[in-house]
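The model shown is predicted, which means the values in this text are computed figures rather than measured ones. Whatever order the structure lists them in is the order used to number ligands and atoms, beginning at 1.
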Amino acid sequence: MEVFTSIQSLRNFLHQQRTANKTIGLIPTMGALHDGHISLLNSSVVQNDISVYGIFVNPVQFTNQEDLVKYPRTLEADCALLEKAGCSAVFAPAVLEMYPAPPVLTMNFGTLETVMEGASRPGHFNGVGIVVARLFNLVQPDRAYFGQKDLQQVAVIRQLISDLAFPLELVVCPTIRETNGLAMSSRNQRLNDVEKASAALIYKIMTIAKNQLSDGLEVNEVKRSAQEQFAALPEFTLDYFEVVNINTLRPILKPESPGSMAICVAAFLGPVRLIDNIIF
Ligand code: PAF
């Protein structure tokens, strides 16, 4: 496995691969890898000749300085995991390599970014759009892999690919969970064991809500019930609990076709902000 920190060396490597007619999968991440990240690589390894793993903690998408500073950075351990899992190349640039000058362009994803994560973290999806577009241009992959856990990010990236006509396939991989239901996330590294057990309640409350909706309960009643459950847990501060259409991200008032709806949650457990969703 090759590890590149410079854009030029990555480009040289990719030029050789393309000349040899190899297909390229790109997995953009911010590192601190867990099994969810490795599942993205596993899909890419099956579907492409070459898998390029991006590891870059992108300052432009952070709206909270403390979160940026505390974001776990574990490059050596990440590379060991990736090599074992059959990764071809890692691209782990420093901030100045990725952004020799601060980007001036801003991206606006319209109604996709005025709700949920976008409403709570204004400017976040501008940063995601900029770095992902940059990575698509640098790597020019045949396929790019993202996790369903970041459902809103997936909707934004689908729009980016469509609006800028990136010639690639977007592959969305399912959320990987701990046995207690907690969605795997790099931010879980900031939780102790007791907090990790509490964090699993997010999935439990979403599952109750999903069952209530399947039983025909009104969306507003389900939301109220979930909000009350969170309010009864002093360790949590709920940011939002929404039931949305997975493509438009518009709130749903009445059930829509199966597979097109999602329950989305963001909650603070102490200072750590966790997000999760279930598509149903
Ligand atoms: O999902 C993430 O880890 C990041 O938002 C991404 C897509 C790598 C862009 O920095």
Side-chain angles (χ1 to χ4, degrees), residues 4 7 10 25-41 43-44 51-65 67-75 78 81-82 87 89-99 102-103 105-107 109 112-113 116-118 120-139 141 143-161 164 166 168-176 183-190 249 264 266 272-277:
F4 301 106
I7 290 174
L10 175 73
L26 169 67
I27 308 102
T29 76
M30 299 202 297
L33 303 186
H34 49 69
D35 287 355
H37 290 114
I38 298 300
S39 77
L40 303 179
L41 173 66
S43 300
S44 173
S51 292
V52 177
Y53 212 97
I55 297 185
F56 178 64
V57 181
N58 174 32
V60 184
Q61 73 186 70
F62 281 80
T63 54
N64 174 324
Q65 272 308 303
D67 197 23
L68 172 60
V69 171
K70 294 211 166 144
Y71 202 86
R73 290 155 171 91
T74 55
L75 184 59
D78 290 351
L81 285 175
L82 292 172
C87 185
V90 173
F91 178 50
V95 173
L96 272 179
E97 180 70 7
M98 203 58 176
Y99 300 117
L105 174 79
T106 52
M107 290 191 182
F109 292 93
L112 291 180
E113 69 160 83
M116 301 194 292
E117 291 306 288
S120 295
R121 305 163 74 191
H124 169 67
F125 288 115
N126 167 55
V128 170
I130 284 176
V131 79
V132 170
R134 245 178 133 78
L135 286 167
F136 285 171
N137 277 328
L138 292 175
V139 177
R143 297 184 186 82
Y145 295 78
F146 294 88
Q148 185 212 301
K149 180 173 163 285
D150 295 300
L151 180 122
Q152 189 167 7
Q153 174 168 279
V154 166
V156 161
I157 289 168
R158 188 174 288 119
Q159 192 70 49
L160 179 79
I161 291 170
L164 298 184
F166 282 109
L168 59 88
E169 182 190 341
L170 170 65
V171 184
V172 183
C173 301
T175 303
I176 305 294
M184 290 193 186
S185 162
S186 304
R187 288 187 176 83
N188 295 354
Q189 290 187 17
R190 292 177 58 195
L249 305 179
C264 300
V272 183
R273 189 168 181 283
L274 300 170
I275 62 169
D276 201 354
N277 67 78

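V52 places a side-chain heavy atom less than 4.5 Å from the side chain of L10.
For ligand 1, the polar-atom distance check finds no N/O of N58 at less than 3.5 Å from any of the ligand's N/O atoms. Residue Q61 has at least one nitrogen or oxygen atom sitting less than 3.5 Å from a nitrogen or oxygen atom of ligand 1, judged on distance alone.
Close contacts between ligand 1 and V131 involve ligand atoms 9 (C), 10 (O) [criterion: under 4.0 Å to a heavy atom]. Under a 4.0 Å criterion applied to the non-hydrogen atoms of P28, ligand 1 contributes the atoms 8 (C).
Proximity of a side-chain donor or acceptor of S44 to a complementary backbone N or O of L40 within less than 3.5 Å is not detected. Judged by distance alone, the side chain of R134 and the main-chain N or O of M98 form a donor-acceptor pair under 3.5 Å. Judged purely by atom type and a 3.5 angstrom limit, R143 has no side-chain atom pairing as donor or acceptor with the backbone of P141.
Nearest protein neighbour of atom 1 (O) of ligand 1, counting heavy atoms only, is Q153 NE2, 2.8 Å.
Remark: aromatic rings of F109 and F125 are distant, center separation not under 6.0 Å.
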